[in-house]
Amino acid sequence: MELREMQEEVDRWITQFAEGYWHPLSILARLIEEVGELAREINHRFGEKPKKADEPPGDIALELGDILFILLCYANLLNIDLEKAFQATMEKYRQRDLNRWTKLKVEGED
């Protein structure tokens, strides 16, 4: 599924409700909440803070999915084409970070 299709699917889901999209600051708060949930799962799995014995295991993939959903909501609310935004971001990284790190040698390249 392409980003445009994801944005369209989120829009169809959100616009079926009278409340529609939340205010931008509310969406930002929700995004931060979801990133916090991801941070908690990462910390439990890879960090210094193990889960309590009675806590169910978390799902990092679902937490990333929640973040993606909120980002799609934000883009839709603000009328941003995420495919174009992503392409512009990748071009920025390609230019800015061209020689920042050591590239791996690819077989067949000189």
Applying salt bridge (charged side-chain N to carboxylate O under 4.0 Å, His left out) to Arg45 and Glu41, what does each step give before you reach the verdict?
CA-CA 6 Å; Arg45 188 166 305 170; Glu41 289 306 320; 5.5 Å; no
Using the side-chain hydrogen bond (donor to acceptor under 3.5 Å, both in side chains) rule, take Gln95 and Glu91 through it: C-alpha gap first, then chi angles, then the decisive distance, then the call.
CA-CA 6 Å; Gln95 296 300 318; Glu91 186 58 29; 2.9 Å; yes
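The CG atom of Leu28 sits 11.0 Å away from atom NE2 of His23, with the distance rounded to the nearest 0.5 Å. Taking CD1 of Ile42 as the start and CD of Glu37 as the end, the distance is 13.0 Å to the nearest 0.5 Å. Here the straight-line distance linking atom CG of Leu25 with atom CD1 of Ile27 works out to 9.5 Å at 0.5 Å rounding.
Pairs passing the side chain to side chain donor-acceptor pair (under 3.5 Å) check and including a residue from residues 55-64, sequence neighbours excluded, read Arg40-Glu55.
Remark: the backbone N or O of Trp22 is not paired with any side-chain donor or acceptor of Ser26 at under 3.5 angstrom. Between the side chain of His44 and the backbone N or O of Lys49 there is at least one donor-acceptor pair closer than 3.5 Å. Side-chain atoms of Lys51 come within 3.5 Å of backbone atoms of Pro56 as a donor-acceptor pair (strictly under, hydrogens ignored). Listed for the Gln16 side chain is a donor-acceptor partner under 3.5 Å among the backbone atoms of Trp13.
Listed by chain and number, the residues in a side chain to side chain contact (heavy atoms under 4.5 Å, CB included) with Arg4 are Glu8, Asp81, Glu83 (sequence neighbours excluded). Every residue two or more places apart in sequence or in another chain that forms a side chain to side chain contact (heavy atoms under 4.5 Å, CB included) with Glu5 is listed here: Met1, Glu2. Judged as a side chain to side chain contact (heavy atoms under 4.5 Å, CB included), and not counting sequence neighbours, the contacts of Asp97 are Tyr93, Arg100, Trp101. For Lys84, the side-chain hydrogen bond (donor to acceptor under 3.5 Å, both in side chains) criterion is met by no residue, not counting sequence neighbours.
With a 6.0 Å radius and a threshold of 12 heavy atoms from other residues, nucleotides or ligands, Lys92 has its NZ atom above the threshold. Within a 6.0 Å sphere centred on CD of Glu9, heavy atoms belonging to other residues, nucleotides or ligands number 12 at most.
Heavy atoms only, all atoms of each residue included: Leu98 and Lys103 are closest at O-CE, 3.9 Å.
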Enumerate donor-acceptor pairs with a distance under 3.5 Å from any side-chain N or O in residues 68-78 to protein atoms, sequence neighbours excluded.
| residue | atom | partner | partner atom | Å |
| --- | --- | --- | --- | --- |
| Tyr74 | OH | Pro24 | O | 2.8 |
| Asn76 | OD1 | Gln7 | NE2 | 2.8 |
| Asn76 | ND2 | Gln7 | O | 2.9 |
| Asn76 | ND2 | Tyr21 | OH | 2.9 |

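Leu62 and Phe46 fall into different hydrophobic clusters, where Ile, Leu, Val, Met, Phe, Trp and Tyr residues are linked whenever their side-chain heavy atoms come under 4.5 Å apart, directly or through other members.
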